[in-house]
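Right, one structure below, let's go through it.
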Amino acid sequence: MTNETLDNQLDNSGEPTPDYFMETLPGQDRYVAPLDETPLQDVDSVDESAPATSMWADAWRTLRRNPLFIISGLVIIFIIVVAIAPGLFTKQDPNACDLANSLSPASSGHPLGFDLQGCDVYTRVVYGTRTSLSVGVLSTLLVVLLGTLIGAIAGFCGGWVDAVLSRITDIFFALPMLLGAIVVLQMFKTSKSIWKIVLVLALFGWVGVCRIARSAVLEAKNLEFNTASTALGSTPMRNLFRHILPNSLAPIIVIGTTSLASYIVAEATLSFLGVGLPTTTVSWGGDISSAQTNLQTDPLVLFYPSAALAITVLAFIMMGDAVKDALDPKSRTA
């Protein structure tokens, strides 16, 4: 390129003219729009008048637009109302049984008929909601609390603390929850209560939450806000509980929501096997166990508590999937 050509490419300010004025070889012609036709400042601009948002606000905005969340939420609200106030749905006593009504069909005031012991099936299904939901919710809360605490300490402290807690987690992770619960409950089968079921399920169920919490804390503790907080004089424990844990709750909430259904199923399974709640306690698992002997002659007696259990578990699984999509955009299926 000659000096004359180069001089022609400079304007009065000494800056090169746009590329579309530059010489090109044959077949290499190109066009670049002038700057005034490509207002990049409008593309990259930020609306400063818009209200501030957060991850939780974005998650709620996503959830309330998700039909899966709305449907499951309505079903769960209904289940909670039934568990809290079963008297609104039936006036019968679930333990009032009359052998004269054994396996009688549906009648006025008894829409689902009677079981083998002459108990009203509808009433027992309604009152069994409280037991199953209580075990599921209490077990989930205890598992999330215990697993989050151990996982957060392991991930934050690191070193030998992390090594010891990780090996303990591996030991419990190798034990099947249901099998371990059966063994422990058989050792203390003389006393059966809801709290014993909750403690046993929490004893073998915290490892999953612990691993998730440890990974989330390991990721969050290396972010800039933790470094800035330390530089301002914040103590390590304050950083952990004030900054790191709140920023690590999203995956913990997801696994807690999805695990609740599994603890409801675990309680029903233990009661079905006869090592869970006592027979005097109304539960879906106990009613399913009692009805299995009449499966061929009266399958509906088994069907009703099984359907209530399936609907409850399905509602919480759907809720867990919706929460997972809202808090973890990378896992969204649509």
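The structure presented is a predicted model; accordingly, all values stated were derived computationally and were not measured.
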Gap separating the [atom1] atom of [X] from the [atom2] atom of [Y], nearest 0.5 angstrom:
X: I71; Y: M318; atom1: CD1; atom2: CE; value: 5.5 Å
X: L302; Y: D115; atom1: CG; atom2: CG; value: 11.5 Å
X: L245; Y: I252; atom1: CG; atom2: CD1; value: 6.5 Å
X: S134; Y: W195; atom1: OG; atom2: CH2; value: 9.5 Å
X: S72; Y: I317; atom1: OG; atom2: CD1; value: 11.0 Å
X: F316; Y: L260; atom1: CZ; atom2: CG; value: 5.0 Å

Taking every non-hydrogen atom, the tightest pair across [X] and [Y]:
X: V75; Y: A315; result: CG1-CB, 3.7 Å
X: A220; Y: S248; result: CB-OG, 3.6 Å
X: R124; Y: C119; result: CD-CB, 3.5 Å
X: S271; Y: L277; result: OG-N, 3.5 Å
X: A202; Y: L142; result: CB-CD2, 3.5 Å
X: P246; Y: F241; result: CD-O, 3.7 Å

Is it true that S215 and E219 share a donor-acceptor pair across their side chains at a distance under 3.5 Å?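 Side chains of E219 and S215: no pair found under 3.5 Å.
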Looking at R242, I'd like to know if its CZ atom is crowded, meaning that more than 12 non-hydrogen atoms belonging to other residues, nucleotides or ligands lie closer than 6.0 Å.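 12 or below, so no.
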Please indicate whether F173 has more than 12 foreign heavy atoms, meaning atoms of other residues, nucleotides or ligands, lying under 6.0 Å from its CZ.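 Open.
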Do [X] and [Y] have side chains that approach each other closer than 4.5 Å (heavy atoms only, starting at C-beta)?
X: N95; Y: T280; result: no
X: V161; Y: I153; result: yes
X: V135; Y: I264; result: no
X: S290; Y: Q117; result: no
X: F69; Y: D321; result: no
X: W284; Y: E267; result: no
X: V313; Y: L309; result: yes
X: N247; Y: L223; result: no

With clusters defined by side-chain heavy atoms of hydrophobic residues (ILVMFWY) lying less than 4.5 Å apart, directly or transitively, does [Y] cluster with [X]?
X: V301; Y: L99; value: no
X: L175; Y: V184; value: yes
X: I79; Y: L68; value: no
X: L141; Y: V207; value: yes
X: I80; Y: V323; value: yes

Looking only at atom types and distance, does a side-chain atom of [X] sit under 3.5 Å from a main-chain N or O of [Y], one as donor and one as acceptor?
X: T148; Y: L145; value: no
X: D298; Y: L300; value: no
X: S102; Y: G118; value: no
X: S262; Y: S259; value: yes
X: S289; Y: G285; value: no
X: T129; Y: V125; value: yes
X: N222; Y: L218; value: yes
X: K221; Y: I244; value: no

Using side-chain hydrogen bond (donor to acceptor under 3.5 Å, both in side chains) as the criterion, list what pairs up with T123, not counting sequence neighbours.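 Checked T123 against side-chain hydrogen bond (donor to acceptor under 3.5 Å, both in side chains); matches are T90, D120.
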Between V143, L149, I150, V144, which is the residue that forms a side-chain contact (heavy atoms from CB on, under 4.5 Å) with L146?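 Exactly one option meets the side-chain contact (heavy atoms from CB on, under 4.5 Å) with L146, and it is I150.
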Given R167 and D170, is the salt bridge (Lys or Arg N to Asp or Glu O under 4.0 Å) satisfied, shown in steps? CA-CA 5 Å; R167 298 296 76 75; D170 292 339; 3.0 Å; yes
Who are the side-chain contact (heavy atoms from CB on, under 4.5 Å) partners of D162, not counting sequence neighbours?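 For D162 the side-chain contact (heavy atoms from CB on, under 4.5 Å) partners, ignoring immediate neighbours, are A154, S166, R214.
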Test ring-ring contact (aromatic ring centres under 6.0 Å, His included) applied to F89 - qualifying residues, sequence neighbours left out: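 Testing F89 for ring-ring contact (aromatic ring centres under 6.0 Å, His included), a comparison that skips the adjacent residues, returns F78.
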Under the ring-ring contact (aromatic ring centres under 6.0 Å, His included) rule, what pairs show up with a residue in residues 99-122, not counting sequence neighbours?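 For residues 99-122: H110-F114.
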Connected-component partners of I171 among ILVMFWY, side-chain separation under 4.5 Å: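 Other cluster members: none.
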Using a 4.5 Å cut-off between side-chain heavy atoms of Ile, Leu, Val, Met, Phe, Trp and Tyr, which other residues end up in the same hydrophobic cluster as V282?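 ILVMFWY cluster around V282 also holds Y127.
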